[in-house]
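So the structure is just underneath, and the comments pick up after that.
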Amino acid sequence: MKRTGFIALVGRPNVGKSTLLNTILGEKVAIVSHKPQTTRNRIIGIETKGEDQFVFVDTPGLFHPRNPLGDYMVRTANSSLKAADAVVLVVDAGLPAGNTEKDVLKAVERMKMPCALAVNKIDQYDREIIAKCIAEYAALYSFDAVVPISARSGKHVDELMDECGKFLHPCEQWFYDEDSYTDQTMRQMTSEIIREKILRTLDKEVPHGTAVVIEDFKEGEKLVSIRADIYVEKASHKGIVVGKGGQTLRLIGSYARQDLEAILEKKVFLDLWVKVKENWRDSIAMVMNMGYKDYD
Ligand SMILES: Nc1nc2c(ncn2[C@@H]2O[C@H](COP(=O)(O)OP(=O)(O)O)[C@@H](O)[C@H]2O)c(=O)[nH]1
Ligand SMILES: [Mg+2]
């Protein structure tokens, strides 16, 4: 009998939710950076094994929003949580439980949703610290499973998958084809990959105020031609993204092109433009124009 289930990956920003999703799938579907609030949208990752189809929902982290973009991100995370069959709460083994985690657990309890705890980044901490984290959470809530993992190295991710298997329910049909691994279009993935390179190349607040809009995407037999606009919030940020003699933008483009060529298995021509939209994150209309719209 076929089985399936929607499993939401939730937690505060930067704990490793997107890394975990990519590791589970063995494919890069969600962008990752060391900066908080990298993920802005709900991202679906599909893993089909034998009769089981796991639909993982990666979410933006939960935090206190300060502008319409943040508001959209937190709403997205909360609605993904509500729509799921089960939850994996991802935490950083070195951090104490905070309000974010306590709020998730209250919601999970209220909705009577199964919940596993993934204690992540165990490659980075001593045993005692990990044990303390597990004890703290065990005292807080009666989880269906507690699994210490390293999303980055893949350690114990199989055990977590076994636990998630218990959350699946029988079904007549799966939601997705057995060979699909995400619901994102190639255009969306392209815009995310460019944003990831911006996040990784630039410091401080500049990358948080960027958005990438794909203006043109032409796939030929051997070559994919892509034109993308990078929006920044301030005129002074444009110079930072472009860099001296255009070198920063060229670097961003070259990193993005390498990833895109690997995914598309074709040569990629990437034409990047930087544009200014003053304080776009403060305007609901502009946030929606950048593609951050409610999906239901
Ligand atoms: N040491 C270590 N770092 C990790 C692990 N998982 C994620 N990270 C890092 O934590 C940062 C945030 O990861 P990301 O997946 O974007 O977190 P998200 O905001 O929860 O989606 C990145 O720099 C990751 O490389 C892990 O298992 N071990
Ligand atoms: Mg993420």
Side-chain angles (χ1 to χ4, degrees), residues 7-45 56-65 69-70 72-81 84 87-95 97-101 103-104 115-127 129-130 133-134 137 146-161 181-184 188-189 191-204 207-208 210-212 255 259 292:
I7 301 171
L9 305 175
V10 299
R12 67 173 87 172
N14 233 17
V15 291
K17 300 176 293 296
S18 299
T19 306
L20 175 61
L21 182 68
N22 293 337
T23 299
I24 289 171
L25 302 180
E27 298 274 357
K28 181 159 170 160
V29 295
I31 63 168
V32 169
S33 90
H34 63 277
K35 294 193 175 66
Q37 301 177 25
T38 298
T39 308
R40 288 178 178 169
N41 272 313
R42 177 195 72 151
I43 290 171
I44 284 200
F56 288 100
V57 188
D58 184 18
T59 62
L62 294 160
F63 57 95
H64 287 290
L69 177 65
Y72 165 82
M73 288 160 67
V74 172
R75 266 189 291 128
T76 300
N78 280 321
S79 65
S80 301
L81 173 68
V87 170
V88 174
L89 174 62
V90 184
V91 301
D92 181 320
L95 298 178
N99 285 337
T100 303
E101 288 80 12
D103 288 348
V104 169
C115 182
L117 179 73
V119 178
N120 192 27
K121 308 196 186 182
I122 58 165
D123 55 289
Q124 201 175 281
Y125 300 108
D126 292 336
R127 263 164 194 257
I129 291 178
I130 299 163
C133 177
I134 292 173
Y137 277 98
V146 176
V147 190
I149 62 165
S150 168
R152 191 187 270 175
S153 77
K155 196 168 183 195
H156 301 319
V157 171
D158 284 349
E159 280 91 322
L160 181 64
M161 283 299 285
Y181 59 88
T182 186
D183 67 339
Q184 292 175 99
Q188 286 168 322
M189 298 224 318
S191 123
E192 285 287 273
I193 285 168
I194 298 167
R195 207 163 55 76
E196 177 183 77
K197 304 315 174 196
I198 299 169
L199 281 158
R200 290 185 178 190
T201 307
L202 298 173
D203 287 338
K204 306 211 179 89
H208 286 301
T210 59
V212 178
Y255 290 144
D259 276 22
Y292 302 109

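First listed ligand is number 1; within each ligand, the first listed atom is number 1.
- Of the possible donor and acceptor atoms, one in the side chain of Asn22 sits under 3.5 Å from a partner among the backbone N and O of Val29.
- Heavy atoms from other residues, nucleotides or ligands lying under 6.0 Å from CZ of Phe63 number more than 12.
- Among protein heavy atoms, the minimum distance from atom 8 (N) of ligand 1 is reached at Lys121 CE, 3.8 Å.
- What sits closest to atom 12 (C) of ligand 1 on the protein, heavy atoms only, is Asn14 OD1, 3.1 Å.
- With Lys121 contributing its side chain and Ala151 its backbone, the two residues share no donor-acceptor pair below 3.5 Å.
- Close approach of ligand 1 to His34 is summarised as follows: ligand atoms under 4.0 Å from at least one heavy atom of the residue are 23 (O).
- If you put the vertex on the Mg ion (ligand 2), OG1 of Thr39 and OG of Ser18 sit 90° apart, to the nearest 10°.
- Of the polar atoms of Asp58, none of the N or O atoms is found under 3.5 Å from an N or O of ligand 1, judged by distance alone.
- Contact annotation: for Arg152 versus ligand 1, heavy atoms closer than 4.0 Å belong to both the backbone and the side chain.
- Annotation: Ala151 places an N or O atom under 3.5 Å from an N or O atom of ligand 1; distance criterion only.
- Short contacts between ligand 1 and Thr19, defined as distances under 4.0 Å to a heavy atom of the residue, involve ligand atoms 6 (N), 7 (C), 13 (O), 14 (P), 15 (O), 24 (C).
- With respect to Ile122, the side-chain contact (heavy atoms from CB on, under 4.5 Å) criterion is satisfied by exactly one of Val147, Ile129, Ile130: Ile130.
- In this structure, the side chain of Arg195 engages the main chain of Thr38 through a donor-acceptor pair within 3.5 Å.
- Scanning the protein for heavy atoms near atom 2 (C) of ligand 1, the closest one is Asp123 OD2, 3.5 Å.
- Remark: ligand 1 atoms within the under-4.0 Å shell around heavy atoms of Ser18 are 15 (O), 21 (O).
- Considering backbone and side-chain N/O atoms, Val32 never comes within less than 3.5 Å of an N/O atom of ligand 1.
- The closest approach between any non-hydrogen atom of Ser33 and ligand 1 is below 4.0 Å.
- Between the side chain of Asp92 and the main chain of Gly94, a donor-acceptor pair closer than 3.5 Å is present.
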- May I have the step-by-step check of side-chain hydrogen bond (donor to acceptor under 3.5 Å, both in side chains) for Ser18 and Thr39, ending in yes or no? CA-CA 8 Å; Ser18 299; Thr39 308; 2.9 Å; yes

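- Where the criterion is an N or O separation shorter than 3.5 Å, residue side chain and backbone included, Gly16 meets it with respect to ligand 1.
- Side-chain atoms of Asn14 come within 3.5 Å of backbone N or O of His34 as a donor-acceptor pair.
- Set against the non-hydrogen atoms of Lys17, the atoms of ligand 1 under 4.0 Å away are 15 (O), 17 (O), 18 (P), 19 (O), 20 (O), 21 (O).
- Note that OG1 of Thr23 and NZ of Lys155 are 14.5 Å apart. Values are rounded to the nearest 0.5 Å.
- Atoms OG1 and OH, from Thr201 and Tyr255 in turn, are 6.0 Å apart once rounded to the nearest 0.5 Å.
- Residue contacts with ligand 1: Thr38 is excluded, as none of its non-hydrogen atoms falls under 4.0 Å.
- Scanning the protein heavy atoms around atom 6 (N) of ligand 1, the nearest turns out to be Asn120 ND2, 3.3 Å.
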